[in-house]
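Below is one structure, written out as structure tokens, with a few remarks after it.
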Amino acid sequence: MKVVAAWMMAALLASASAAQGQSATLPGPPAVSLTSPLLDAGPDAASRDGNLSLLWRLPDSLADPASGRRSNPAATRWSFQVEERIGEVSTMIDAGAYLSTALSGREDGVYQYRVRALDADGTPGPWSAPIELRVNHHPLWLALLFFAIGGLVFLATATLIVAGHRLSRDPSEV
Amino acid sequence: MTQILDSAVAAWLLVGFSVLWVALGYVLGRRSKELDDFMLAGRKVGLALGSATAMATWVTSNTTLVAPELAYRLGIWGMLGYSLGSVGLLLFAPMAARIRALMPSGYTSGDFIRLRFGKAAWRIFLVVSLLYSFGWLVSLGAAGGVLIESLSGIPFAIGATTILVICVLYTLLGGMKAVIGTDYVQTIIIVIGVVIVGCLTLTVVDLDHVHSELSQARPKLLDVLMPASVMFLFNNLLFGVGEIFHSNVWWSRAFAFDRGVGFKAYLLAGILWIPIPIAAGFIALSAPALGLGIPSADHVGPIVAAKILGTGGAVLLFVVVFSAIASSLDSLLAATSDLVVEDIYRRHLRPAASHRELRRASSFVIVLLGALTWTICILDLATLAQILHLTGALVASTIWPIAAGLYWRRTNPAGAAGAILLGSVGGLVSYYAIGFYTAALVGATISMIVVVVTTRLRPVEFDWDQLRESHT
């Protein structure tokens, strides 16, 4: 269920996607070896729950974003490093030998990402073109409203069952 | 994809456990010739087996793979919220006793809806129930393929095929007795495995370091007021309640348990289940501290376990999740077959069918369900997996019709049917408009309002004796 559905998540490093927006703060472009970025049709340049996914591929990769299956012969040669920037703060993220990475727990804001490959000696290749993703959590009042409604429904259900159980020693008495 | 477990080791584990489950299923169920034996284990299942099967069936691939995923995505509330799935089992405990008392000769949840509310509500309910059952079957088959491929590199198709074939085989050989018997063994494996992984994680991982990494890199995971996770809490609870209240997987057990067993079995299973997702979820929160690359949130459990425990951990995880998938898949095959045979084949097509004919039909439907599930899994239509998220709206809308139908003599039948319909629609709208973590909550709320209002305005008296239908 969610296991397979999760594989459909987006992201990716677009070489020159105006829709994604080029960042003025990160140095540009593109690496010859990191080419043909593929932006998955899925979601979310914007996240409502602080979760972001990045997906990239190399020219000899067998990754197939349409099905979500990822096999990666390049894993024997490359590992990947992602740079995350929000405002002036930059963080390096080790993505291992995978062709994607899942990030979670982000606060509201606009995040910029780019990725590069590292060879077996750890020598980095050039950075890809950056992309921009946005996190915009649901308003807290909405969340608390749902919480209150859910609590009410749960209490009403539990009350019905507990009260019904107590009264139902003889079904004909209910 | 980085391979964690050697393919040869994984293949031997697969073969070994496949032989074990099929052999066990054959031995346990070889005397299941009569319909009641095959479908309901002779209606005499005791407390130990009863509790074990309830718990094992509810420990699915979702519990062991999705609980870590949700903790990774939604933080503390994701981890604790998933354990609220036990509430469904706890609330079903008194209901199981009520069901057994009201319907001593009952076979399916569909029987109850048909007798209690009439054919219109029954047919709407069957659509909901079969959609959910099939979605869950596909997700389990696919999860088997995913697990085996992600840990060992064995192709998805082989893993999914293997797990489906062996579950169909031993369910076919022994029916409900085989299902419940293998569940008992699988429960022991799951509980021991999760406890070991959880305890070893605590010895390897420094909690202070975990906390500081999360605070720094993923602060929202520790925020108890993160909006999505706050919404998730009661939505997940109501999704779980809806799954259990409506699904024939749990009703068939209520009918199969011996008198007086149902209440205790479900209560015990609910209590024992609570720590499983918490232990599984905790593993995921360790990922940032371990500096691990996580390609997708649903892989966090296996990756962290393998990192912490090495090859041994990967083997343990493989065995635990394989057992979890098998224990749910066999139950679902058996219960869905019961629903199709009783509510569609017998009630719509062959009312005069003998027990012998129905017994043969059950076997045929099990094979058919397995084949259909395999087809969808192998096509690898990933988006199909999202159907199960959608069923949160559908199944949660059945909570109040079922609960009020069991305990209130005057529940309005048309109101019950309308509640399922309107709750489903409202839940689906919420799913797309807001997010998956609201669908069940909205569906359950609308359904509750419709049931209460229609029953208040137009109560319809019901004679409980009408539920004592003889299956001759």
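Below, chain A is the first sequence line, B the second, and so on; all start at residue 1.
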Which distance, rounded to the nearest 0.5 Å, do you find between the CD1 of B/I402 and the OG1 of A/T157?
12.0 Å
Would you find a donor on one side and an acceptor on the other, under 3.5 Å apart, between the side chain of B/Y72 and the backbone of A/A102?
yes
Check A/N51 against B/R73 and note the closest heavy-atom contact, atom names and distance.
ND2-O, 3.1 Å
Evaluation steps, ring-ring contact (aromatic ring centres under 6.0 Å, His included), between B/F234 and A/F146
CA-CA 8 Å; B/F234 279 113; A/F146 271 90; over 10 Å; no
Heavy-atom distance under 4.5 Å between the side chains of A/R106 and B/K220, does that happen here?
no
Flag, side chain of A/D94 to backbone of B/G293, donor-acceptor distance under 3.5 Å:
no
Once you round to the nearest 0.5 Å, how far does CG of B/L91 lie from CD1 of A/I161?
4.5 Å
Measure across A/P139 and B/P227 and return the closest heavy-atom pair with its distance rounded to 0.1 Å.
O-CB, 4.3 Å
Look up atom CG in B/L102 and atom OG in A/S168, then write down how far apart they are to the nearest 0.5 Å.
8.0 Å
Toward chain A, the part of B/I434 with a non-hydrogen atom under 4.5 Å:
both
Quick one: CG on B/L441 to CZ on A/F154, what's the gap to the nearest 0.5 Å?
12.5 Å
Taking every non-hydrogen atom, the tightest pair across A/D49 and B/A228:
CB-CB, 3.5 Å
Look at the aromatic rings of A/H165 and B/F263 and report parallel, tilted or perpendicular, splitting at 30° and 60°.
parallel
When A/I93, A/T91, A/L160, A/L144 are compared by non-hydrogen pairs under 4.5 Å with chain B, the top option:
A/L160
Atom of B/A444, atom of A/V153 and distance for their closest heavy-atom approach
CB-CG1, 4.2 Å
Could you give the distance from OG (A/S104) to CG (B/L214), rounded to the nearest 0.5 Å?
8.0 Å
